[in-house]
Amino acid sequence: MAVLTKAPRGTRDLLPGEIEKWQLVEKKAAEACRLFGYGEIRTPVFEHTELFLRGVGETTDIVSKEMYTFRDRGDRSLTLRPENTAAVARAVAEHRLYAGVQPLKLYYVGPMFRYDRPQAGRYRQFHQFGVEVFGTGEPTMDAEVMALAMFFFRSLGIAGLELRVNSVGCPACRGEYRQALQERLKEKANRLCADCTERYEKNPLRILDCKKEKCREVTEGLPVLTDSLCGECGDHFKLVLAALAEVGEAFAVDPRLVRGLDYYTKTAFEIISPALGAQSSICGGGRYDNLMEELGGPAMPGIGFAAGLERTVLAMEAAGAFAEPPGLMDVFVATAGAVGQEKALGIVMNLRSAGIAADKDYMERSLKAQLKYADKKGARLIVILGEEELQVGAVTVRDMGAGRQETVRLADLAGYLAVLLKEER
RNA sequence: GUGGGUGUAGCUCAGGUGGUUAGAGCACCAGAUUGUGGCUCUGGGGGCCGUGGGUUCGAGUCCCAUCAUCCACCCCA
């Protein structure tokens with residue numbers, strides 16, 4: 001297909017019939033955030049490239065091979081945001097939002113961009129609903145953020161999700177553990193798979209998460225990070241888990257869970273939907289206590305998550321959580337005989353002004369074809385403008401469901417229809 | 001970046017071993033006697049057979065390349 005009639009790879013159009021699902025998801029996100037006390041923030045879809053290099057980390061996959069980076073006409077290097085935490089932190093620093101009351105609780109919904117190979121549940125332009133909290137390192141906030149994510153999914157009718165929690169420690173204890181791990185793996189490194197050989201240098205923690213049988217054998221019996229946390233990180237982790245238990249949120253501790261972004265500290269979590277296939281991670285998040293300072297803002301702890309909305313919609317579809325979208329037409333105004341369409345337009349406009357979703361024919365159709373069209377569009381009532389009735393100031397109103405029709409005075413039409421429509425609901 | 005599957009009508013798909021004008025169902029439009037939907041019947045519009053090369057007298061069909069798409073790896077939401 002020609003490029004002119006094809007959306008770019010990894011992007012897609014949301015068409016009528018599909019978009020209603022997204023409207024519902026966005027509405028539920030806003031509702032949940034209102035209940036939890038989060039205010040909405042909207043940041044630009046592109047930022048200075050430097051922000052993501054610093055914020056996300058230069059060695060991460062996202063930064064090193066997945067960014068949409070370009071130069072503008074002023075020769076600035078800009079990047080379509082691959083995630084939004086760094087950008088929200090930037091906005092908080094820029095507008096000195098930290099000077100207000102804390103904790104600062106924010107949420108966002110919007111498109112993100114990563115140059116990835118598309119597959120089920122993965123796109124180059126995808127959408128995230130996320131929250132970010134700044135100003136507190138208190139463990140119950142970690143639990144609240146996770147509870148908010150679960151609350152959101154539950155409100156959409158998605159069940160069977162798994163919440164996996166881990167602690168990746170702080171730079172100090174994670175660094176020590178990382179070194180110890182490399183030591184322990186040193187001699188066995190040649191027995192690892194090709195991917196893990198690369199991970200050995202870049203991100204050895206990930207080797208523990210490899211699915212390959214031979215790597216599993218190599219890593220069996222090795223100590224896990226959660227057993228090697230420093231005092232502060234360990235205590236924090238315990239308190240987070242206790243708070244989660246207190247709110248009654250089911251979870252599994254997964255010591256192998258590693259996040260791909262550099263800024264995470266302490267709590268890391270992920271929500272999995274078993275209904276989704278390979279890309280089953282529907283939400284990921286964690287604490288980032290050093291990010292704000294790293295970006296040049298004040299030292300200030302933070303925590304948040306990002307939920308993938310494409311995957312959320314897929315999970316809802318798998319759960320059969322969508323109702324039929326309502327029709328866009330309450331009333332169709334048809335013309336019979338020699339009655340002109342301008343007459344119909346006048347009546348349609350009156351009905352619309354009265355709050356009734358009304359429409360008419362624009363295709364020069366016969367009466368029969370007009371009814372057929374109205375039926376297909378889901379019109380509940382038809383107003384038929386006939387020459388003879390109009391002469392005495394009346395029209396015919398036909399109830400499509402019941403198949404009945406009545407003659408109504410034109411002056412009473414809007415009120416009459418409103419009553420009928422109300423009854424049917 | 002790597003691997004595998006698939007590209008024929010708007011959609012879902014047929015089109016043994018290459019052989020005239022490429023089919024079906026659904027959808028769309030019209031009609032079945034004057035101004036009445038759904039069901040049924042009849043008719044109609046629609047296809048550079050993804051694209052470009054090649055083999056051949058002849059390619060939707062075989063070969064190569066390319067693009068797209070799907071799935072998986074990687075990574076992540």
Side-chain angles (χ1 to χ4, degrees), chain A residues 1-3 5-12 15 56 60-66 81-85 109-130 149 153 193-196 198-199 202-203 206 209-212 257-261 269-273 276-285 304-315 332 334-339 363-390 395-405:
Chain A
M1 201 181 293
V3 72
T5 53
K6 184 80 186 84
R9 180 161 210 205
T11 69
R12 58 181 190 158
L15 308 176
V56 179
T60 60
D61 279 30
I62 290 177
V63 168
S64 64
K65 49 191 198 194
E66 294 174 2
R81 61 185 184 192
E83 61 99 50
N84 210 27
T85 299
V109 176
M112 307 295 155
F113 306 84
R114 292 184 201 170
Y115 188 87
D116 243 9
R117 193 103 172 236
Q119 79 182 72
R122 193 168 74 189
Y123 300 88
R124 288 183 173 178
Q125 175 177 337
F126 60 102
H127 298 77
Q128 289 185 331
F129 155 49
F153 292 124
C193 71
D195 285 327
C196 282
E198 244 180 78
R199 290 180 182 128
K202 229 172 106 180
N203 195 349
R206 241 177 224 302
D209 205 23
C210 187
K211 296 166 194 94
K212 301 244 166 54
L257 175 65
V258 179
R259 306 266 75 214
L261 290 68
F269 67 95
E270 192 165 49
I271 298 171
I272 305 288
S273 164
L276 287 193
Q279 305 303 318
S280 59
S281 174
I282 197 171
C283 176
F305 70 70
L309 296 188
E310 279 77 5
R311 293 176 190 180
T312 298
V313 169
L314 285 172
F332 182 87
T335 56
V339 176
M363 300 296 287
E364 301 179 324
R365 283 186 242 254
S366 66
L367 175 62
K368 188 174 186 149
Q370 289 182 55
L371 291 195
K372 208 169 188 169
Y373 167 78
D375 185 46
K376 267 181 258 186
K377 295 293 273 188
R380 317 227 303 274
L381 300 171
I382 307 281
V383 174
I384 299 169
L385 310 183
E387 275 181 277
E388 290 155 30
E389 298 98 304
L390 277 181
V395 297
T396 300
V397 174
R398 180 174 177 80
D399 184 318
M400 293 294 266
R404 277 192 309 263
Q405 59 187 51

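Basis for what follows: all heavy atoms, side chains included, without hydrogens, waters or symmetry-related copies. Here the structure is a predicted model, which is why all the values come from computation and not from measurement. Reminder, nothing fancy here: chain letters follow the sequence lines and each chain counts from 1.
- Taking side-chain N and O atoms only, A:Lys376 has a distance below 4.0 Å to OP1 or OP2 of B:C29.
- Counting to the nearest Å, the C1' atom of B:C75 and the OH atom of A:Tyr115 are 15 Å from each other.
- A:Glu387 comes within contact range of at least one nucleobase, with a heavy-atom separation under 4.0 Å.
- Residue-level contact check: A:Arg404 touches neither bases nor backbone, having no heavy atom under 4.0 Å from any strand.
- Look at CG on A:Leu367: it is 5 Å from C1' on B:U36, rounded to the nearest Å.
- In this structure, A:Ala336 and A:Leu367 approach most closely via the heavy-atom pair CB-CD2, 4.0 Å.
- Here the shortest heavy-atom pairing between A:Ala315 and A:Leu276 reads N-CD2, 3.8 Å.
- A donor and an acceptor atom never sit less than 3.5 Å apart when one is taken from the side chain of A:Glu66 and the other from the base of B:G1.
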| field | Steps toward side-chain hydrogen bond (donor to acceptor under 3.5 Å, both in side chains) verdict (A:Glu270, A:Ser281) | value | CA-CA 7 Å; A:Glu270 192 165 49; A:Ser281 174; 3.3 Å; yes
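- Comparing the P positions of B:U12 and B:U69 gives a spacing of 15 Å, expressed to the nearest Å.
- When the nucleotides B:A32, B:G38, B:A77 are ranked by their closest atom to the side chain of A:Arg398, B:G38 comes out on top.
- In this structure, A:Glu364 places its CD atom 15 Å from C1' of B:A30, rounding to the nearest Å.
- Residue A:Arg365 has its side chain nearest to B:A30 when only B:A30, B:G37, B:C75 are considered.
- Across the interface with RNA chain B, nearest-nucleotide mapping of A:Ser366 and A:Gly386 shows A:Ser366 to be the residue nearer the 5′ end.
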| note | Protein heavy-atom contacts under 4.0 Å, written 5' to 3' over nucleotides 39-46 of chain B as B (base), S (sugar-phosphate only) or - (none), form the string --------
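- Residue A:Asn84 contributes atom CG, which lies 12 Å from atom P of B:A77 at whole-angstrom precision.
- Taking atom CZ of A:Phe126 as the reference point, atom C1' of B:C75 lies 11 Å away to the nearest angstrom.
- The closest donor-acceptor contact from the side chain of A:Glu310 to the backbone of A:His127 lies under 3.5 Å.
- Rounded to an integer number of Å, the gap from A:Leu309 CG to B:A77 P is 13 Å.
- We find that CD1 of A:Ile62 is positioned 18 Å from P of B:G1, with the value rounded to whole Å.
- The closest donor-acceptor contact from the side chain of A:Arg122 to the backbone of A:Arg117 lies under 3.5 Å.
- Between B:C57 and B:G5, the distance separating the two C1' atoms is 35 Å to the nearest Å.
- Considering only side-chain atoms of A:Gln405, the nucleotide from B:U36, B:A77, B:C74 that sits closest is B:U36.
- We find that CD1 of A:Ile382 is positioned 12 Å from P of B:G38, with the value rounded to whole Å.
- Each of A:Gln128 and A:Ala7 was matched to the nucleotide of RNA chain B holding its nearest heavy atom; the match closer to the 5' end belongs to A:Ala7.
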Could I get a table of every N or O pair under 3.5 Å where one atom is in the protein and the other is in nucleotides 70-73 of chain B?
| from | atom 1 | to | atom 2 | distance (Å) |
| --- | --- | --- | --- | --- |
| B:C71 | OP2 | A:Ala120 | N | 2.7 |
| B:A72 | OP1 | A:Ala278 | N | 3.1 |
| B:A72 | OP2 | A:Gln119 | NE2 | 3.2 |
| B:C73 | N4 | A:Arg122 | NH2 | 3.2 |

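- In terms of modelled atom types and a separation under 3.5 Å, the side chain of A:Gln370 and the main chain of A:Arg365 share a donor-acceptor contact.
- Put simply, the side chain of A:Arg398 never gets that close to the backbone of A:Gln405: no donor and acceptor are under 3.5 Å apart.
- Counting non-hydrogen atoms under 4.0 angstrom, A:Arg114 reaches a base of the nucleic acid.
- A donor-acceptor pair is defined here as one N or O able to donate and one able to accept, closer than 3.5 Å; no such pair exists between the side chain of A:Arg114 and the backbone of A:Lys65.
- The same atom, C1', is picked in B:U36 and in B:G15; the two are 43 Å apart, to the nearest Å.
- Closest contact between the side chain of A:Arg311 and the listed nucleotides B:U69, B:C76, B:G35 involves B:C76.
- At the phosphate of B:A30, neither OP1 nor OP2 sits under 4.0 Å from any side-chain N or O atom of A:Lys368.
- Once rounded to the nearest 0.5 Å, the distance linking NZ of A:Lys202 with CG of A:Asp195 reads 10.0 Å.
- Between the A:Arg124 side chain and the A:Thr11 main chain, no donor and acceptor come within less than 3.5 Å of each other.
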